[in-house]
2 protein chains.
Amino acid sequence: MKYNEARHKFIQSWGTLGSSWGISKTMAQVHAVLLLSSKALNQDEIMDTLQISRGNASMSLKSLMEWGLIYKEFIPGERKEYYIAEKDAWRIATQVAQERSKRELLPVIHMLDQIKEVKDTTATKSDIKELQNVTNDILSFAKRSDKMLSTFVKAEKNTFFNKILKLFK
Amino acid sequence: MKYNEARHKFIQSWGTLGSSWGISKTMAQVHAVLLLSSKALNQDEIMDTLQISRGNASMSLKSLMEWGLIYKEFIPGERKEYYIAEKDAWRIATQVAQERSKRELLPVIHMLDQIKEVKDTTATKSDIKELQNVTNDILSFAKRSDKMLSTFVKAEKNTFFNKILKLFK
DNA sequence: TTGTATTTTCAATAATTAATGAAAATAAAA
DNA sequence: TTTTATTTTCATTAATTATTGAAAATACAA
């Protein structure tokens, strides 16, 4: 396979994968371009490579910064802003997981906490029972998942967990 | 909070959460309705509860079956088909994770395996190097994640892993 | 300051994805 | 069989989400 073909495939697939993470296709493609670059790139270079509009490039770079997946790099004598990608797979995964947890898991935990306080005399006992069973189960599972995620995020620094992680290698 | 309000909140939030799983909003709402029901429901009951069209209900039920999140229940003397939801939080999570892995992780693994064979004399050494570094790292990470997922799926049956899982509680 | 390069915002538009509903297919009863 | 109930499919339509591009804002230099 030729380099350009491989590069193109990687960028396309990364875009597709991104869409299923709650990251827009373009945003993931911008990340891919930066991942494959050994030097920092500016907005115009990215616009040019992916043939996207200025606005789109600006938005995508901004979101990627918020997700903690890319960083700005200051280049002396340059007026433009340059970007580099986080390239460590483990960091990419934990950053995405943390951001998604914040956006998706926490709202659900909040909703379930509210629902716990159902007081209603008009509804049937079995309906209320089922609601409470389901919400309690999901709530404890969601909280456990969130705790587990923080544990994994800290795992790099922790020798004990590194040993556990090796079990999966 | 009143039962109906709580129920409504749960269904709405479950729908929102679903959209960020790669499951359509309606599909997740149908799942929520079944989760909260102590008895099996038929398609008309679901259409009525969620005020959705026949076609949409049919499609959503079909997809939920494919994701392994609901089951058909045969009711003697009834012509209609009845459905019940998987209610165990751990099972729901592993089913979703497995299905997503199949749809998202495996295509990426396949792409990365292809890319490993870049042979190109026209591209620069450093570009090829960077492509190989990134793809190799992500590939080994993706494969490890997939292995980890299967381990978790089997974990219920395994006392040793149950002990590890307790670390996160 | 004032001028110029660069980035960001956001209303308009395009592209994508989901939902409808009627027709076709299937399955059970008469 | 034929009739009736039920489910599925899929072209059309609606809703949602992403992208553009020009104007506004910002940042730097003269």
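Chain letters run A, B, ... following the sequence lines, proteins first, then strands; residues in each count from 1. Atoms considered below: every heavy atom in the structure, side chains included; atoms not considered: hydrogens, waters and symmetry mates.
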- Closer than 4.0 Å, any side-chain N/O of B:S24 to the OP1 or OP2 of C:dA19? yes
- Message: At 4.0 Å (heavy atoms only), tell me whether B:I52 reaches a base, stays on the sugar-phosphate, or touches nothing.
- Response: sugar-phosphate
- Message: Could you work out, with side chain to side chain contact (heavy atoms under 4.5 Å, CB included) as the rule, every residue matching A:S20, not counting sequence neighbours?
- Response: A:L17, B:R100, B:E104
- Message: Side-chain N or O of A:K62 versus OP1/OP2 of C:dT9: is the shortest distance under 4.0 Å?
- Response: yes
- B:M59 CE - D:dT6 P separation (whole Å): 21 Å
- Tell me, for nucleotides 23-28 of chain D in 5' to 3' order, what letter each nucleotide earns: B for a base near a protein heavy atom under 4.0 Å, S for only sugar-phosphate near one, - for neither? ----BB
- Rounded to the Å, how far apart are B:K80 NZ and D:dA5 P? 10 Å
- Are side-chain N/O atoms of A:S101 and A:D146 paired as donor and acceptor at under 3.5 Å? yes
- Item | Pairing residues for A:D120 by the side chain to side chain contact (heavy atoms under 4.5 Å, CB included) criterion, not counting sequence neighbours | A:V118, A:T122, A:A123, A:I128, B:K2, B:Y3
- Task: Supply the members, apart from B:I75, of the Ile/Leu/Val/Met/Phe/Trp/Tyr cluster built from side-chain contacts under 4.5 Å; use none for a lone residue.
- Result: B:Y82
- Task: Nearest whole angstrom, please: distance from the C1' of C:dT13 to the CG of A:N56.
- Result: 14 Å
- Query: Quick one: B:I75 CD1 to D:dA5 C1', roughly how many Å, whole number?
  - Reply: 17 Å
- Message: Applying side chain to side chain contact (heavy atoms under 4.5 Å, CB included), can you list everything that pairs with A:S24, at least two apart in sequence or on another chain?
- Response: A:T26, A:M27
- List in chain and number order the residues that pass side chain to side chain contact (heavy atoms under 4.5 Å, CB included) with B:K87, two or more places apart in sequence or in another chain; answer none if no residue qualifies. A:E130, A:V134, B:L35
- Hits for salt bridge (charged side-chain N to carboxylate O under 4.0 Å, His left out) against A:K116, two or more places apart or cross-chain, chain-then-number order -> A:D113
- Figure out the CZ/C1' separation between B:F74 and C:dA28, and round it to whole Å. 11 Å
- Query: Sequence neighbours excluded, which residues qualify as ring-ring contact (aromatic ring centres under 6.0 Å, His included) partners of B:W21?
  - Reply: B:W14
- CD of A:Q51 versus P of D:dT20: gap in Å, rounded? 10 Å
- Query: Which ones in residues 25-48 of chain A lie close to DNA chain C, meaning a heavy atom under 4.0 Å from one of its atoms?
  - Reply: A:Q43
- Query: Does the side chain of B:D44 reach to within under 4.5 Å of the side chain of B:R54, using non-hydrogen atoms?
  - Reply: yes
